[in-house]
Amino acid sequence: MATAKTLTVGVVVNRSKPGAREVLNQLIEFSREHPNLHLRFEKRTGALVRRPGLSEAELAKKSDLLLVAGGDGSLLDVVGAVFPAQVPILGVNIGSLGFLTAVSETEVETILPYLATNDLRLSPRLALEIRFHHANGKTHLIPCALNDVVVSRANVSRLVRIRVEVGDYLVTEYVCDGLIIATPTGSTAYSLAAGGPIVSPDADSILLTPICPHTLTNRALVVGTDQPIRIRVVRQAGVPAPTVQFDGRPGGILRTHEWLEIKPAKTKVQLAYLPHSDFYRVLRQKLKWSGASV
């Protein structure tokens with residue numbers, strides 16, 4: 001019988017989630033029975049079991065696979081910390097609704113045999129690169145947003161006016177609570193809650209989803225990835241500058257005479273799933289679709 005290939009798995013758990021320690025203990029116990037499976041730990045994760053740990057970036061360099069136990073937010077944090085590393089990331093959901101994670105905490109035992117044989121399916125995901133152009137002429141780069149960029153009003157009583165250009169073309173000026181610029185992966189996150197479409201994660205497209213637009217005919221728009229998207233704020237007297245978030249992380253405020261330039265990131269994010277998993281089955285389960293025998 002051939003010896004199984006050695007696989008180094010970097011483990012990151014969200015310690016604030018109930019059940020995180022149980023998932024960690026399951027992994028450690030399984031690795032003891034499978035000597036080809038080597039575990040490394042992120043610093044705070046290692047502290048839970050009194051093991052040495054590494055930063056997330058170092059962990060990505062020294063692992064064949066990252067296993068992230070938490071929720072979609074935990075996985076997004078890890079993606080942001082390790083990008084542009086091409087190490088596959090497998091998510092274990094500890095919590096409620098999650099579209100990025102591969103399995104729930106109650107299904108950890110089902111993934112362990114696949115880990116031991118490295119029999120996982122990779123799903124390359126489009127991410128966004130954002131260049132923030134400031135009024136003083138300086139720019140700063142946000143290299144990766146896997147889900148979305150959100151521009152939203154800072155004042156609860158005043159709508160913002162957001163100008164959107166794709167390439168050399170004006171799309172429109174949205175008068176709205178905000179605007180979500182989402183990847184196909186992010187189409188099942190905030191964009192979905194705001195009425196945007198669900199897009200297959202392998203699609204080569206970007207979504208523009210207005211949040212509560214003043215004009216009811218302003219609907220979500222799906223555009224290609226071959227031209228940059230520019231987002232500007234149109235000055236309105238008495239209306240504060242809107243805030244910006246990248247995958248839920250605060251990104252400051254977007255003032256008049258500043259703009260965001262958004263395009264596909266230089267590399268894709270590699271998410272890992274079980275070989276028999278598929279996106280549409282996840283939709284049926286998570287969204288509780290019915291009307292047919294599934």
Side-chain angles (χ1 to χ4, degrees), residues 1-14 19-43 45-46 48-49 51-72 74-94 98-127 144 146 185 200-202 265 267-282 285:
M1 182 175 177
T3 303
K5 183 180 177 181
T6 298
L7 181 74
T8 300
V9 179
V11 183
V12 184
V13 302
N14 183 339
R21 188 185 293 271
E22 287 75 9
V23 170
L24 194 53
N25 288 336
Q26 280 182 285
L27 289 170
I28 292 172
E29 186 63 30
F30 185 79
S31 69
R32 287 173 180 156
E33 300 169 359
H34 295 79
N36 69 302
L37 199 62
H38 294 174
L39 300 184
R40 292 182 182 271
F41 303 95
E42 175 266 338
K43 286 181 179 178
T45 302
L48 281 177
V49 288
R51 301 283 187 91
L54 301 167
S55 69
E56 290 166 331
E58 283 298 312
L59 192 65
K61 292 177 182 177
K62 297 181 178 182
S63 301
D64 301 309
L65 172 78
L66 293 181
L67 187 147
V68 181
D72 282 359
S74 303
L75 192 146
L76 289 172
D77 287 343
V78 171
V79 167
V82 307
F83 188 85
Q86 290 295 285
V87 59
I89 302 173
L90 174 70
V92 175
N93 188 40
I94 305 176
F99 280 93
L100 297 179
T101 48
V103 296
S104 70
E105 60 181 304
T106 59
E107 300 172 307
V108 170
E109 289 186 359
T110 66
I111 69 169
L112 297 179
Y114 295 99
L115 276 182
T117 57
N118 196 19
D119 183 18
L120 298 169
R121 180 178 63 83
L122 297 188
S123 176
R125 301 296 181 94
L126 172 76
C144 173
L146 178 59
T185 298
S200 176
D202 58 359
T267 60
K268 292 193 173 183
V269 174
Q270 302 292 333
L271 298 186
Y273 293 91
L274 298 184
H276 56 269
S277 66
D278 74 87
F279 175 68
Y280 304 103
R281 182 173 65 86
V282 172
Q285 291 176 341

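The shown structure was predicted, so the numbers you read here are calculated from the model rather than taken from an experiment. Note: hydrogens, waters and symmetry copies are ignored here, and every other heavy atom, side chains too, is used.
- Among V23, L39, V11, the one residue that satisfies the side chain to side chain contact (heavy atoms under 4.5 Å, CB included) test with I28 is L39.
- Here the shortest heavy-atom pairing between S200 and F279 reads CA-CE2, 4.0 Å.
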Sequence neighbours left out, cut at 3.5 Å: what donor-acceptor pairs do the side chains of residues 53-64 make with other protein atoms?
unit_1	atom_1	unit_2	atom_2	d
S55	OG	E58	N	3.2
S63	OG	G10	N	3.4
S63	OG	L59	O	2.7
D64	OD2	T8	N	2.8

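- Side-chain contact between R121 and Y114: absent, with no pair of heavy atoms (C-beta onward) separated by less than 4.5 Å.
- Inter-residue side-chain proximity for S104 and V92 is flagged as unmet; no heavy-atom pair is nearer than 4.5 Å.
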Inset, instruction - Might you work through the side-chain contact (heavy atoms from CB on, under 4.5 Å) test for V269 and L126, ending with a clear yes or no? - result: CA-CA 7 Å; V269 174; L126 172 76; over 6 Å; no
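- Under the ring-ring contact (aromatic ring centres under 6.0 Å, His included) criterion, F83 pairs with no residue, sequence neighbours left out.
- Put simply, CG on L37 and NZ on K5 are 13.5 Å apart, with the number rounded to the nearest 0.5 Å.
- For E33, the CD atom is densely surrounded, since the number of other residues' heavy atoms within 6.0 Å is greater than 12.
- Checking S123 against R125 by side-chain atom types alone, a donor-acceptor pair falls below 3.5 Å.
- No more than 12 heavy atoms of other residues, nucleotides or ligands shown are found within 6.0 angstrom of NZ on K43.
- Residues N14 and S74 come closest through the heavy atom pair ND2-OG, 3.0 Å.
- L27 places a side-chain heavy atom less than 4.5 Å from the side chain of L115.
- In this structure, the side chains of N25 and V49 come closer than 4.5 Å at one or more pairs of heavy atoms.
- In this structure the side chain of F41 never reaches within 4.5 angstrom of the side chain of P52, judged on heavy atoms.
- Around the CZ atom of R21, the shell of radius 6.0 Å holds no more than 12 heavy atoms that belong to other residues, nucleotides or ligands.
- Side-chain atoms of E107 never come within 3.5 Å of backbone atoms of T110 as a donor-acceptor pair (strictly under, hydrogens ignored).
- When all heavy atoms of P35 and H38 are compared, the closest pair comes out as O-NE2, 3.2 Å.
- The distance from atom CG of N118 to atom OG1 of T6, rounded to the nearest 0.5 Å, is 11.0 Å.
- Proximity of L271 to P88: side-chain heavy atoms (C-beta onward) are nowhere separated by under 4.5 Å.
- Here the closest heavy-atom approach between residue A20 and residue I94 is recorded as CA-CD1, 3.8 Å.
- To the nearest 0.5 Å, atoms CD1 (I89) and CG (L122) are separated by 11.0 Å.
- The NZ atom of K268 sits 10.5 Å away from the CD atom of Q86 when rounded to the nearest 0.5 Å.
- Using a 4.5 Å heavy-atom cutoff, the side chains of H34 and F30 are in contact.
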Inset, instruction - Kindly indicate, with the supporting measurements, whether the criterion side-chain contact (heavy atoms from CB on, under 4.5 Å) is fulfilled by L120 and Y273. - result: CA-CA 6 Å; L120 298 169; Y273 293 91; over 6 Å; no
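- Atom CG of L65 and atom CD of Q270 lie 11.5 Å apart (nearest 0.5 Å).
- Between L67 atom CG and L90 atom CG the span is 5.0 Å, to the nearest 0.5 Å.
- Under the 3.5 Å distance criterion, the side-chain polar atoms of D72 are matched with a main-chain donor or acceptor of L100.
- Residues V68 and T101 fail the side-chain proximity criterion, which asks for heavy atoms closer than 4.5 Å.
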